Amino acid sequence: MAKIIWISDIQSGLYTDKNIELKGWIKRHRSSGKIVFMTIRDSTGEIQCVAKKAEILESEFGEIKNALIESSIILNGLVKSDERAPGGHELSITSVKIIGPVHPKNPFPITESAMEHSEGGETEFLLDNRHLYLRTKKMTTMLKIRSTVFGSIHSYFRNLDFIEYQAPSFVAGAVEGGSTLFEVPYFGKKAYLTQSWQLYAEAAMPALEKLYTIAPSFRAEKSRTRRHLTEFWHAEMEIAWGGNNEVMNHGESLVRHIAKTILDERTEELNILGRDLELISTYADSKYPRMRYDEAVETLQKLNVEIEWGQDLDYSKEKILTQDFDVPHFLTHYPKIAKPFYHRPDPDDEKYVLCHDLLAPEGYGEIIGGGERTWSEKEILERIDEEGTPREPYEFYIDIRRFGGVPHGGFGMGVERVCSWLSGAEHIREVIPFPRDSRRVTP
RNA sequence: GCCGUAUUAGCUUAGUUGGUGGAGCGGCGGACUGUUAAUCCGCAGGUCGCAGGUUCGAGUCCUGCAUACGGCGCCA
C-alpha cells in the first residue's frame, strides 16, 4: 500500500510516457458527458487527470463522474506531457478506485465561497472547521514554511554545538507577572503551565554552557490581536560566559539564518503567498541596527508621541518606531523599573538593565526578548526584594547563584511571530495548525 | 478588563421610508468529447442568533442577552 509516486515528481517529468499508480485526493472535478477532468492533489502538488468514457470500464467512469471533492482515490494511467494541463503534465486514466468516498449528503464544507473572506482574518466557519481547512493550499503552504522555520532553528543551534535541553511544562512559579499564568489542578495542589524555559535553562547553564529549546509556552493573556496566542512555540537559548551583546549577536544571526533558509528552501511557497523575495533577502543579509531605549524615547518624543521616560514601549509605540524600519531593530537598555528582576542592572548605570527586544519591521512587532541575567547571589536578592517578589518560589533559582555563578544570558523568540512576519501573514493564527487564543480551544 | 463591528440557506452574501426574503457557491437531476473556480437548463434547501417591546404589520425600529470577529492594554 506504500506510496512511491509523488505528484511533484510527475510534474518534473520523471514519469512522462510511463504507466503509473497515483494516490491522492480530488481537489476539483469537471465533467462533460463523455470526459471527466479531475485535479488530484497530494502533499507535493497537483495534477490534472483525464478519464474518457470510451477508454475505461463503464462502472469506473460512473464512479469518477459521481465522486465528490476530497474523496481519496487511487488512479492508474499513462503520464503525458500536455500544454493544456496546468503544470505541463496530465494523467490519462485507465482504471480508478475510490478509497475514501465523500457522501453527497455531507459534502466537503471548505468551498470556494467559504474561502472568499479568508484574506483579512479567518471567518468563524473556517476556524470551526480548521481540521478540514488544513487541506487547503493556503494552510499547507504556511505549514511547509513553518516546518522549515523549525528546522532552521535546530540547524542554527546544532551547527554551533548547542545542547537541546527540555524543561517541564508544569511549574510552580512564574517567570513574568503571575496574572498571566494558567493554573491547573495538580493532585490537590496548584500547578501552572510554563511561560518560559528560561529559569530551568539557567539551572543547566553551569553544566551544559550552551543550551537551546523549541517548546510550547503558555500565557493566560486575554489578548485579542494578530500577534497573540495563549499557546505558542518558544525558541529559547541560554549561554554561559556571555552578556547582552553576545546574546544579541546570536539573535541576529538566528533570524538571518531563518530568513536565508526559507528563501532558499521555500521559494515556491513564498511566491504562492505573494511575498517579495527581495525583502526576505534584505532580512537575510542586513545587519540589524541597535538602539538604546533612551534614543527610542527621544525619537518618539520628536514625533510628538506622548511618552515618559520609564514607561515600557507598548505596541502602539513600537508600531510608530518601526514604521520607517526596513530591517529588524534591537532596542536595548530599558529602564530597570520597566523590567522583571532577572534582568541584570547595567554596571555603568544602574537605572538601566542589560536587555534587548528585537522588533520586526512591517508592523509585526517584537519577535525576540532577551538579555543578560542577574547572576550574583547579592544582586538577585536585592532585585527580588526591590520588586517585592516573594523569595520562596525562586529558592532554586537563587541557589544557582550560590554555587559558581557566572555571567550568562539568553533570549526567547516567538516562533509563530517569526513565521507570521516572514510569510507576510495577516494573523498569527495562519501559521499554526490549531491556534489557541482566549476564546478558542476547539477544534 | 475596555472599545468597536457583526449575526439572513451547508458556505459567501443582497434585502430600499417597516408591507408575504433574492442571488452566487456547494448538493441533486438533465445537456455537453479538452475542461482550467468549465458552461447551460431545472430542483431541493430559511424559526432572518435568542428573549422581550413598539406597531394593523418587524429581517428592518427599541431594550436586554448570547456568540463571533476586529482593535487596545499585556507580551514572544
Side-chain angles (χ1 to χ4, degrees), chain A residues 27-39 46-55 61 66 68-70 80 82-87 90 92 102-118 120-129 132-133 175-177 179-180 195-198 215-236 251 311-319 338-340 357-360 364-370 411-421 426-429 437-440:
Chain A
K27 183 179 179 183
R28 261 191 267 284
H29 187 272
R30 305 175 279 277
S31 81
S32 59
K34 291 173 184 168
I35 185 166
V36 174
F37 295 95
M38 285 188 301
T39 305
E46 295 169 7
I47 186 167
Q48 174 162 292
C49 303
V50 190
K52 292 179 182 169
K53 195 175 183 181
E55 293 173 9
F61 187 80
N66 294 325
L68 296 196
I69 284 170
E70 283 306 311
K80 290 177 181 170
D82 193 319
E83 281 182 4
R84 292 170 295 184
E90 70 177 20
S92 185
V102 172
H103 199 276
K105 282 190 173 161
N106 188 24
F108 193 66
I110 314 299
T111 58
E112 290 294 331
S113 55
M115 302 276 289
E116 261 171 33
H117 282 250
S118 64
E122 271 79 27
T123 59
E124 184 185 356
F125 181 79
L126 289 178
L127 290 166
D128 286 342
N129 290 279
L132 302 175
Y133 185 45
V175 177
E176 316 283 344
S179 60
T180 62
Q195 295 179 307
S196 169
W197 158 98
Q198 180 195 326
S217 279
F218 306 88
R219 304 271 166 99
E221 293 159 355
K222 288 191 175 171
S223 309
R224 300 198 43 74
T225 78
R226 61 189 63 195
R227 305 178 309 283
H228 285 86
L229 295 166
T230 52
E231 177 180 359
F232 68 97
W233 286 77
H234 210 173
E236 297 182 83
Q311 256 184 291
D312 208 352
L313 300 174
D314 59 45
Y315 180 68
S316 64
K317 316 250 176 5
E318 277 181 13
K319 203 172 172 180
K339 291 283 173 182
D357 286 353
L358 182 62
L359 307 183
Y364 284 92
E366 187 178 342
I367 51 175
I368 281 181
F411 66 75
M413 182 179 83
V415 181
E416 283 83 10
R417 286 203 178 164
V418 170
C419 292
S420 191
W421 161 53
E426 305 231 5
H427 199 293
I428 197 165
R429 275 198 300 248
D437 64 33
S438 61
R439 292 198 193 161
R440 183 177 285 279

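None of the values given here were measured: they were computed from a predicted structure.
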Where the side chain of [X] is defined as all heavy atoms beyond and including C-beta, which of [options] is the nearest nucleotide?
X      : options                : value
A:E124 : B:rC75, B:rU67, B:rG34 : B:rU67
A:D314 : B:rG73, B:rG10, B:rG27 : B:rG73
A:R429 : B:rC69, B:rC72, B:rC75 : B:rC69
A:R440 : B:rC25, B:rC11, B:rA68 : B:rA68
A:R224 : B:rA37, B:rC75, B:rG71 : B:rG71
A:D82  : B:rU35, B:rC75, B:rG34 : B:rG34
A:R417 : B:rA76, B:rC28, B:rU12 : B:rA76
A:I428 : B:rA76, B:rU33, B:rA68 : B:rA76
A:T111 : B:rU35, B:rC25, B:rG70 : B:rC25

Is there a side-chain contact between A:R226 and A:I428 in this structure, where contact means two heavy atoms from C-beta onward sitting under 4.5 Å apart?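 Side chain of A:R226 against side chain of A:I428, heavy atoms only: no contact under 4.5 Å found.
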Which atoms form the tightest heavy-atom contact between [X] and [Y], and what is the distance?
X      : Y      : value
A:I367 : A:W421 : CD1-CZ3, 3.9 Å
A:R30  : A:T39  : NH2-OG1, 4.0 Å
A:E221 : A:T230 : O-CG2, 4.0 Å
A:P107 : A:V102 : CA-CG1, 4.0 Å
A:D82  : A:E90  : OD2-OE2, 3.5 Å

Between A:Q195, A:R219, A:K222, which is the residue that forms a side-chain hydrogen bond (donor to acceptor under 3.5 Å, both in side chains) with A:T180?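 Going through the options one by one, the only one that passes is A:Q195.
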Nearest-Å distance once atom [atom1] is located in both [N] and [M]:
N      : M      : atom1 : value
B:rA23 : B:rG42 : P     : 11 Å
B:rC69 : B:rC11 : P     : 15 Å
B:rA9  : B:rU35 : C1'   : 30 Å
B:rC65 : B:rG18 : P     : 26 Å
B:rC75 : B:rG1  : C1'   : 16 Å
B:rG4  : B:rC56 : P     : 34 Å
B:rC50 : B:rC41 : C1'   : 41 Å
B:rG19 : B:rA58 : C1'   : 10 Å

What's the [atom1]-[atom2] distance between [X] and [N], to the nearest Å?
X      : N      : atom1 : atom2 : value
A:E426 : B:rC69 : CD    : P     : 16 Å
A:K53  : B:rG34 : NZ    : C1'   : 17 Å
A:L359 : B:rA76 : CG    : P     : 11 Å
A:W233 : B:rC75 : CH2   : C1'   : 20 Å
A:E236 : B:rA76 : CD    : P     : 10 Å
A:Y133 : B:rG26 : OH    : C1'   : 17 Å
A:F125 : B:rU8  : CZ    : C1'   : 16 Å
A:K319 : B:rC75 : NZ    : P     : 18 Å

Say whether, by atom type as modelled, one donor and one acceptor occur between the side chain of [X] and the main chain of [Y] under 3.5 angstrom.
X      : Y      : result
A:E236 : A:W197 : yes
A:S223 : A:T225 : no
A:R417 : A:E366 : yes

Establish, with yes or no, whether the OP1 or OP2 oxygen of B:rC75 is under 4.0 angstrom from a side-chain nitrogen or oxygen of A:R219.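 So the side-chain polar atoms of A:R219 never come under 4.0 Å of the phosphate oxygens OP1 or OP2 of B:rC75.
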Ignoring backbone atoms, test whether A:H427 places a side-chain nitrogen or oxygen under 4.0 Å from the OP1 or OP2 oxygen of B:rG70.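 Checking A:H427 against B:rG70: at least one side-chain N or O falls below 4.0 Å of OP1 or OP2.
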Ring centres within less than 5.5 Å and planes less than 30° apart: is that true of A:F232 and B:rA76 in this structure?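 Here the ring of A:F232 and the base of B:rA76 are stacked, with centres under 5.5 Å and planes under 30°.
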Identify, between A:P104 and A:S32, the residue whose nearest nucleotide on RNA chain B lies closer to the 5' end.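 Residue closer to the 5' terminus by nearest nucleotide: A:P104.
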What contact category does [X] fall into here, base, sugar-phosphate, or nothing, at under 4.0 angstrom with non-hydrogen atoms?
X      : result
A:R28  : sugar-phosphate
A:E90  : base
A:I110 : nothing
A:I69  : nothing
A:K52  : base
A:P86  : base
A:Y315 : base
A:Q48  : base
A:S316 : sugar-phosphate

In what stems does RNA chain B take part, counting only runs of at least 3 consecutive Watson-Crick or G-U pairs whose two distances fall under 3.5 Å?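 Paired runs of 3+ in RNA chain B: B:1-7 with B:66-72, B:10-13 with B:22-25, B:27-31 with B:39-43, B:49-53 with B:61-65.
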Would you state whether a donor and an acceptor, one from the side chain of A:S223 and one from the base of B:rC74, lie under 3.5 Å apart?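 Looking at the base of B:rC74, it does pair with a donor or acceptor on the side chain of A:S223 (distance under 3.5 Å).
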Quick one: the side chain of A:S113 and the base of B:rC11, do they pair up donor-acceptor inside 3.5 Å?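 Present.
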How long is the span from the CE atom in A:M115 to the CG atom in A:L126, to the nearest 0.5 Å?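 Output value for this atom pair is 7.0 Å.
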What N/O pairs connect the protein and nucleotides 41-46 of chain B at under 3.5 Å? Give each pair on its own line.
none

